[in-house]
Visitor: 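Encoded as structure tokens, here's the structure I'll be asking about.
What you see below is based on every heavy atom in this structure, not just the backbone, and it leaves out hydrogens, waters and symmetry mates. Start at 1 and go down the list; that is how both ligands and their atoms are numbered.
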Amino acid sequence: MKNQESILVLDYGSQYNQLICRRIRELGVYTELLPFDSSITKVLSLQPKGFILSGGPASVYDENAPKLPDWILKQNLPVLGICYGMQLLAEKFNGKVKSSSKREYGPAQIEILNSSPLFQDVKSGSHCWMSHGDEVSKVPPQFHVIARSFSGLISALGHEEKKIYGVQFHPEVSHTPFGKILLKNFLDICGCEFTWNLSSFIEDSIQQIRELTKNEKVICAVSGGVDSTVAALLAAKAIGKNLHSIFVDTGLLRKQEKEEVVSILSKFPMSFHLINGAKIFLEKLKNVKNPEEKRKIIGRTFISLFENRAKPLKARFLIQGTLYPDVIESSQDQNKLSAKIKTHHNVGGLPKTMKLSLIEPLRYLFKDEVREIGKKLGISNKILQRQPFPGPGLAVRILGEINKGQISLLRRADAIVREEVEKTDEITRLWQFFAVLLPIKTVGVMGDKRTYENVAAVRAVHSNDGMTASYARLPWEVLDRISSRIISEVKGINRVVYDITPKPPGTIEWE
Ligand code: XMP
């Protein structure tokens, strides 16, 4: 980002890293999450005003524990270590860290022992949220203890002159109610001016896309969903007619989807290309059962179609609407300390030898932030409120092997789920609602005759960002209508079940 103050969060593998970034953005400061071992050149190019060290699963005394980078203390900038980050700082300044006999997980209260600008406006006795098995057992010389937990463990320490601080609890989670005050105090200590907002994000992204692509032609992958539409519009604002948006009919789309998307996107201010890829996707997926393999094949097939279309245009860049949750679940957040859940087609599913250079302006944002940006760009509510639909489409909702017959079954069952839910008020509260086709048959009886047909599962979930989800308690009447319509209208399905698994432990999609 040009002329943009930033706070850099160094990634030590905590599952809450993205929340730290999000809170800093909400407070009005640009932030990026970087691998803990990033190069100093990369770090300085982002003009940091301070650093946050994230939590992480390691113990500082583990042999291969991720370390504090050499360059960090030489910058003489404020540092805030969270959980593992605090323990790293304590160790670096000759304190001691050990496995604690009183592990703290979940809610806790802290007593403030010494005042510090980091804790301005935070009351002693405040509630916070902890998740640690190690503790700082000896405070480093020159540091003072700012707070202890009610169970007596060090919860916050600081070196006021150097502006280096550590907190054992997680200020980024909503269960630490004063967390945002503490993070704001840290940003004040860093001398931040709080000038970042989503409008400046739009301006910066447009400027960056222009600078990166110069006067070249660029292709952009669009699906009709909110993420790719926002990415495409940002790019259209940046480079106008040099932008070629490409929509692929994978043959794995929902009923009427191709027609709807083409009619919306062909009106946007950019050249629009439709690729009919149904045959090739079906061929490539023949006999493939394994979900990860499916996802990778789909990712690669998308790219090869994009590359074919880019060639005659002499385009070198591909713009995608990848979001942060896609990145984290595919375990492609740069230092790979977090676990892989599934390979999102647009992240981990990309081939290693890709010829196109990727531009992903939304890579660090969450869906609700992207919807806000979409609103500012004037995108219609119809697109902004569309439920997420994964790039691999119905392929990850037909468990196991895929063929035309199953695609048609699922497409019809899914259309019924959507039609029935769309008639209710529930729709505004739901994140996603869809049908899944199971690779099993069960016995039934219809019109006095035995049936032996497929099972459809219905999934409807609430979520804020797709990272966690709870199943929706759809009214019985809605479930009744869905079930009886699917069974009477979709020949080949004789049983409907409802998925009541939250995420975690389930994921939203079944594959
Ligand atoms: P899971 O199934 O991992 O999904 O709980 C979280 C959210 O991500 C969507 N999803 C995808 N989106 N490409 C996408 O563009 C993918 O490969 C992909 N896989 C899952 C899913 O629909 C849900 O909203």
Side-chain angles (χ1 to χ4, degrees), residues 15 18 220-232 247-248 250 252-254 257 261 281 285 288 290-303 306 318-333 338-351 358 360 362-363 365-368 370-371 383-399 402 410 414 417-418 429-436 457-472 499-511:
Q15 52 179 316
Q18 72 277 13
C220 176
V222 287
S223 67
V226 53
D227 315 339
S228 64
T229 307
V230 168
F247 173 64
V248 180
T250 54
L252 301 162
L253 300 173
R254 293 166 292 184
E257 183 150 33
V261 172
F281 275 92
L285 290 169
V288 180
N290 180 293
E292 273 301 282
E293 216 178 304
K294 275 189 197 171
R295 286 173 163 274
K296 286 190 180 144
I297 289 172
I298 290 169
R300 287 199 292 266
T301 309
F302 265 114
I303 293 298
F306 292 146
L318 168 64
I319 296 190
Q320 288 199 144
T322 315
L323 301 190
Y324 193 74
D326 306 342
V327 178
I328 195 119
E329 294 222 328
S330 299
S331 185
Q332 298 286 315
D333 59 327
S338 50
K340 182 189 314 186
I341 311 296
K342 56 180 77 168
T343 297
H344 282 232
H345 78 289
N346 49 346
V347 189
L350 302 178
L358 271 186
E360 298 175 311
L362 313 175
R363 192 177 170 90
L365 302 186
F366 290 84
K367 190 128 208 142
D368 53 339
V370 172
R371 285 198 170 116
I383 298 183
L384 293 182
Q385 297 311 331
R386 276 188 96 201
Q387 58 166 324
F389 183 63
L394 301 183
V396 289
R397 295 180 182 171
I398 296 171
L399 307 196
I402 290 166
L410 178 59
D414 182 71
V417 174
R418 288 193 290 143
R429 293 185 280 274
L430 292 176
W431 170 265
Q432 265 172 307
F433 43 98
F434 54 87
V436 179
V458 176
R459 181 96 167 119
V461 294
H462 298 289
S463 176
N464 288 323
D465 48 23
M467 301 283 290
T468 54
S470 54
Y471 74 87
D499 180 355
I500 57 165
T501 324
K503 171 182 181 177
T507 51
I508 296 175
E509 305 289 345
W510 278 40
E511 281 196 339

Visitor: Counting only heavy atoms, which portion of Pro390 has something under 4.0 Å from ligand 1: side chain, backbone, both, or neither?
Guide: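 Within the 4.0 Å criterion, Pro390 contacts ligand 1 through backbone and side-chain atoms alike.
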Visitor: Indicate the atoms forming the closest heavy-atom contact of Phe434 with Ile508, along with that distance.
Guide: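 Nearest pair, atom of Phe434 first, then Ile508: CZ-O, 3.6 Å.
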Visitor: Between Val226 and Lys367, what is the shortest heavy-atom contact and its length?
Guide: CG1-CE, 3.4 Å
Visitor: Just going by heavy-atom distances, which of His344, Glu511, Arg397 is nearest to atom 9 (C) of ligand 1?
Guide: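 Nearest option to atom 9 (C) of ligand 1, by heavy atoms: His344.
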Visitor: State, to 0.1 Å, how close Ala221 and Leu318 come at their nearest heavy-atom pair, and which atoms those are.
Guide: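 Scanning both residues, the minimum pair turns out to be N-CD1, 3.9 Å.
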Visitor: For Pro390 and Arg397, which heavy atoms make the closest approach, and how far apart are they?
Guide: CD-NH2, 3.3 Å
Visitor: State the atoms of ligand 1, each with its element, that fall below the 4.0 Å cut-off from a heavy-atom position in Arg295.
Guide: 16 (C), 17 (O), 18 (C), 19 (N), 20 (C)
Visitor: Which atoms of ligand 1 are found less than 4.0 Å from any heavy atom of Gly466?
Guide: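 By the 4.0 Å cutoff, the relevant atoms are 6 (C).
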Visitor: Going by the atom numbers of ligand 1, which of them fall below 4.0 Å from some non-hydrogen atom of Thr507?
Guide: 1 (P), 2 (O), 5 (O)
Visitor: Quiz question: by atom type and distance under 3.5 Å, do the side chains of Gln387 and Gln432 form a donor-acceptor pair?
Guide: no
Visitor: What closest approach, in Å, do Ile298 and Ala395 show between heavy atoms, and which atom pair accounts for it?
Guide: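 Smallest interatomic distance, heavy atoms only, reads CD1-CB, 3.7 Å.
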Visitor: Using a 4.0 Å cut-off to any heavy atom of Pro392, which atoms of ligand 1 qualify?
Guide: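 Atoms satisfying the 4.0 Å criterion: 13 (N), 16 (C), 17 (O).
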Visitor: Is Trp431 close enough to touch ligand 1? Criterion: a residue heavy atom under 4.0 Å from a ligand atom.
Guide: yes
Visitor: Is there at least one pair of N or O atoms, one from Ile508 and one from ligand 1, spaced under 3.5 Å apart?
Guide: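 Yes - when backbone and side-chain N and O of Ile508 are compared with those of ligand 1, one distance drops under 3.5 Å.
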Visitor: Find all atoms of ligand 1 within a distance of less than 4.0 Å from any non-hydrogen atom belonging to Gly391, and give their numbers and elements.
Guide: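 With Gly391 as reference, the close atoms of ligand 1 come out as 13 (N), 14 (C), 15 (O).
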Visitor: What part of Ala469 sits under 4.0 Å from ligand 1 if we count only heavy atoms: the side chain, the backbone, both or neither?
Guide: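 No part of Ala469 is near ligand 1 at this cut-off.
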Visitor: Of the non-hydrogen atoms in Val248 and Phe302, which two are nearest, and what is the gap between them?
Guide: CB-CE2, 3.8 Å
Visitor: Which ligand 1 atoms, with their elements, are less than 4.0 angstrom from a heavy-atom of Lys503?
Guide: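 It comes down to these atoms of ligand 1: 1 (P), 3 (O), 5 (O), 6 (C).
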Visitor: Using atom types as modelled and distance alone, determine if a side-chain donor or acceptor of Asp227 lies under 3.5 Å from a backbone N or O of Thr322.
Guide: no
